[in-house]
Amino acid sequence: MATTISATEARQQGARAVAIGIAAIVVILGLAAVLLFANLPDADAFNAQVERLFVEGDFTSRGEIRLLELLAQSNTTFGEVLASYRVIIAVLLLFATAMMIAAVAFLVMLVILNRRMGQIERKGIEVNSLIISREANTVYLNNFEFKLTEAAIETLSVLAEARLDDEVLSGAQIEAVISGRDPSQCDEAAGATRIKRLRDTLGNQLVSELLVRNIARKGYTLAVDKSAIRMI
């Protein structure tokens, strides 16, 4: 229940952080857009100056009139270029907004994931069901199927039976149970090798490291509630 509440709170905090981040990005980029467009030169300002020259000046020669016409045409071209600049700026701002929103979302997701990983590391994996099938060399962990080698399934079965009896087995004891010899005749390293191969066979490092616990100076055990273990 506590884990569920923690996950729910983490999702709510993440959603609030994303909403605040997106709102901040929109506001900042909105202000930047307003300032950019407000400081762009007015396309009609040059045209107004040309018109003023027409009104106030005394142009009689054909060359002077032609010069004013060229100035007016230049203003039209300038206005078209300025309009294209406005479109380019708007597109870049939209692109920047999308990229920053995506960055905030991914950042929050990474933070939440790191918190969840930290909780898993502190509390271990919450295993609701661990079903071991010796005949099929298969283990079902929370309904996830793992196909193991025969040696790995034997090691896991020994650990599961020890967990049902609330026992912690050393490497030598694990090797003794599997080989049928006396623990005094077995090497601690042999059992440790079997544990390593079991973890390698499980594949997922997080699952294997937290499922099979190594208790210092005692031995190995499964971090699973006894009621969740079934042998078939």
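Nothing here was measured: the structure is a model prediction, and the numbers come from that model.
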Nearest atoms (heavy-atom pairs only) where [X] meets [Y]:
X	Y	value
Ile132	Ala160	CD1-CB, 3.6 Å
Ala172	Glu188	N-OE1, 3.1 Å
Tyr220	Ala192	OH-CB, 3.6 Å

Determine, using the 4.5 Å side-chain heavy-atom cutoff (strictly less than), whether [X] and [Y] are members of one ILVMFWY cluster.
X	Y	result
Leu94	Ile28	no
Tyr140	Ile153	no
Met231	Leu130	yes

Query raised in the report: For Glu135, does the CD atom sit with more than 12 other heavy atoms under 6.0 Å from it, leaving out its own atoms?
Result: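 Check fails, neighbour count at 12 or below.
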
Query raised in the report: Crowded around Lys147 NZ? As in, over 12 foreign heavy atoms under 6.0 Å?
Result: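 Count over threshold, so yes.
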
Do [X] and [Y] have side-chain heavy atoms sitting under 4.5 Å apart?
X	Y	result
Glu175	Asp187	no
Leu148	Leu198	yes
Asn214	Ile195	no

So, taking the atom named [atom1] in [X] and the one named [atom2] in [Y], what distance separates them when rounded to the nearest 0.5 Å?
X	Y	atom1	atom2	result
Ile178	Gln173	CD1	CD	12.0 Å
Ile229	Leu156	CD1	CG	8.5 Å
Ile215	Ser170	CD1	OG	12.0 Å
Leu222	Leu159	CG	CG	5.0 Å
Arg163	Arg213	CZ	CZ	10.5 Å
Arg230	Ser133	CZ	OG	10.5 Å

Please confirm whether the backbone N or O of [Y] pairs with a side-chain atom of [X], one donor and one acceptor, at under 3.5 Å?
X	Y	answer
Arg181	Cys186	no
Arg194	Ile174	no
Lys226	Asp165	no

Query raised in the report: Stepwise, does the side chain to side chain donor-acceptor pair (under 3.5 Å) test hold for Arg197 with Thr155?
Result: CA-CA 9 Å; Arg197 289 175 180 171; Thr155 304; over 6 Å; no

